[in-house]
Amino acid sequence: MAMPMRQSVRLGAYLMKQKIKRVEKFPLLVELEPLFACNLKCNGCGKIQQPAALLKQRMPVEQAVGAIEESGAPMVSIAGGEPLMHPQIDEIVRQLLDRNKIVFLCTNAVLLPKHLHRFTPHKNFAWMVHIDGLRERHDASVSKDGVFDQAVAAIKQAQERGFRVNTNTTFFDTDTPQDVIDVLDYLNDDLGVDNMQISPGYAYEKAPDQEHWLGVEQTRELFRKAFDGGRRKKWRLNHSPVFLDFLEGKVDLSCTAWAIPSYSLLGWQKPCYLLDDGYVKTYRELIDDTDWDAFGRGKDERCANCMAHCGYEPSAVFVTMGSLRQSLRAATGS
């Protein structure tokens, strides 16, 4: 199943507007990090390796909302760190929704039951809970026992209160096609989440685990086998068919990381969420002063094994929206 229709229609209208205005580079979604602090120490993330003084900082509401307004992006993914540790995270969400943004609030869900009452269900809001496999696999990835069960309980509680709940799962070279099938079957059929996002593990340089990133061919083989037999059509995956084709190796895409920029306490990150070539103060500086043609597989060795959504999901969206055939595939999930 493809991405939600409301999301597709919203993106289509936004893309048409950019085309009419002849804007060459524009954001589809901003990765907003209003803090780096977290309550877990995940193997695939290095955010808490930031200096202690920076880990104590929290982005002011005005700064967070202002950055999104500056970019003009229709969608926002609020990450971190753990966003629920931000004392004003509910106000950031409210102000973004008041500005008609589609908001995904990423969380490991450990703190979700404690803070759920601060939020109200909204058609443009969804929790994005990180689930890196079933119980044993997930708890190992976050280096703490019991977190999977806590996350599942929190998801059920949010569902009972009328919230949309999505999940995000990253796969590494220790995962088998059956691992992919098992966790997606569970999330789709047993837990009944609204939509699922998936991503191959990317070589994030500050992550504690530097040994289990997937190579390009490993990624293609993993998803080709997991999707075999038409399985991907039954899962409520929040991806275009073109991006899923890309993961399988059926099509190749160029990196368009400029479409999913990242903004944090340090500013706009150059060039993308995964690479750290410095920061600039304004969105315009990021777009105008970055040599975007220098990045992507075959251009920068750091990008050699990257097939992550922040670089290639927008590329798939552009292909989809630019083709009637692909648009029909996206609408029908074929």
Side-chain angles (χ1 to χ4, degrees), residues 27 29-71 73 75-99 101-119 125-132 141-144 147 150-151 154 158 166 168 170 197 202 204-208 260-270 272-276 278-283 286 310:
L29 176 147
V30 170
E31 295 274 4
L32 175 66
E33 298 178 310
L35 79 172
F36 290 123
C38 190
N39 55 333
L40 293 177
K41 299 179 180 180
C42 299
N43 293 326
C45 177
K47 297 297 181 179
I48 60 172
Q49 292 185 26
Q50 296 286 354
L54 189 56
L55 290 176
K56 294 178 182 179
Q57 293 183 29
R58 306 292 184 262
M59 187 181 292
V61 174
E62 297 77 11
Q63 182 181 345
V65 176
I68 305 305
E69 287 283 86
E70 177 193 6
S71 74
M75 300 191 295
V76 186
S77 177
I78 305 177
E82 170 52 58
L84 290 177
M85 293 177 65
H86 193 298
Q88 294 176 294
I89 191 61
D90 53 332
E91 183 61 24
I92 292 175
V93 169
R94 273 195 294 271
Q95 291 202 22
L96 290 173
L97 291 174
D98 286 345
R99 288 162 173 79
K101 304 298 182 182
I102 295 173
V103 181
F104 304 98
L105 183 51
C106 304
T107 177
N108 56 47
V110 172
L111 300 176
L112 185 54
K114 179 181 178 181
H115 296 284
L116 196 56
H117 70 281
R118 299 166 58 193
F119 299 85
F125 175 74
W127 297 102
M128 182 69 75
V129 180
H130 200 72
I131 299 290
D132 267 353
S141 75
V142 300
S143 303
K144 187 175 182 180
V147 174
Q150 287 180 281
N166 296 351
N168 180 31
T170 304
Q197 289 188 185
Y202 36 80
Y204 184 63
E205 63 180 3
K206 292 184 179 180
I260 302 187
S262 176
Y263 183 78
S264 72
L265 289 163
L266 297 172
W268 292 98
Q269 185 171 334
K270 299 178 62 175
C272 70
Y273 178 73
L274 304 179
L275 300 182
D276 187 354
Y279 298 82
V280 293
K281 291 183 179 180
T282 69
Y283 171 74
L286 174 70
C310 61

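Annotation: side-chain contact (heavy atoms from CB on, under 4.5 Å) contacts of Arg99 (sequence neighbours excluded): Val65, Glu69, Gln95, Lys101. With sequence neighbours excluded, no residue forms a side chain to side chain donor-acceptor pair (under 3.5 Å) with Gln150. The side-chain contact (heavy atoms from CB on, under 4.5 Å) test applied to Pro261 returns Pro27, Val30, Trp268, Tyr283, Leu286, not counting sequence neighbours. Every residue two or more places apart in sequence or in another chain that forms a salt bridge (Lys or Arg N to Asp or Glu O under 4.0 Å) with Glu91 is listed here: Arg94.
For the atom pair CD of Glu33 and CD of Gln269, the computed distance is 7.0 Å after rounding to the nearest 0.5 Å. With values rounded to the nearest 0.5 angstrom, Met85 atom CE is found 13.5 Å from Phe36 atom CZ. To the nearest 0.5 angstrom, Thr170 atom OG1 is 4.0 Å from His130 atom NE2. For the atom pair OG (Ser262) and OH (Tyr279), the distance works out to 7.0 Å, reported to the nearest 0.5 Å.
With a 4.5 Å cut-off on side-chain heavy atoms, Met59 and Tyr263 count as touching. When side chains are defined from C-beta on, His115 does not count as touching Asp90, because their heavy atoms never get closer than 4.5 Å. In this structure, the side chains of Ser77 and Met128 stay at 4.5 Å or more apart for every pair of heavy atoms.
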Output a table of donor-acceptor pairs, distance under 3.5 Å, between side-chain atoms of residues 102-111 and any protein atom two or more places apart or on a different chain; print 'none' if there are none.
from   : atom 1 : to     : atom 2 : distance (Å)
Thr107 : OG1    : Glu82  : OE1    : 3.2
Thr107 : OG1    : Glu82  : OE2    : 3.0
Thr107 : OG1    : Ala109 : N      : 2.9
Asn108 : OD1    : Val110 : N      : 3.1
Asn108 : ND2    : Asn39  : OD1    : 2.9
Asn108 : ND2    : Glu82  : OE1    : 3.2

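The two atoms that bring Ala79 and Glu31 nearest to each other are CB-OE1, 4.4 Å, heavy atoms only. When all heavy atoms of His86 and Leu35 are compared, the pair lying nearest together is N-CD1, 4.0 Å. When all heavy atoms of Ser71 and Ile68 are compared, the pair lying nearest together is OG-O, 2.9 Å.
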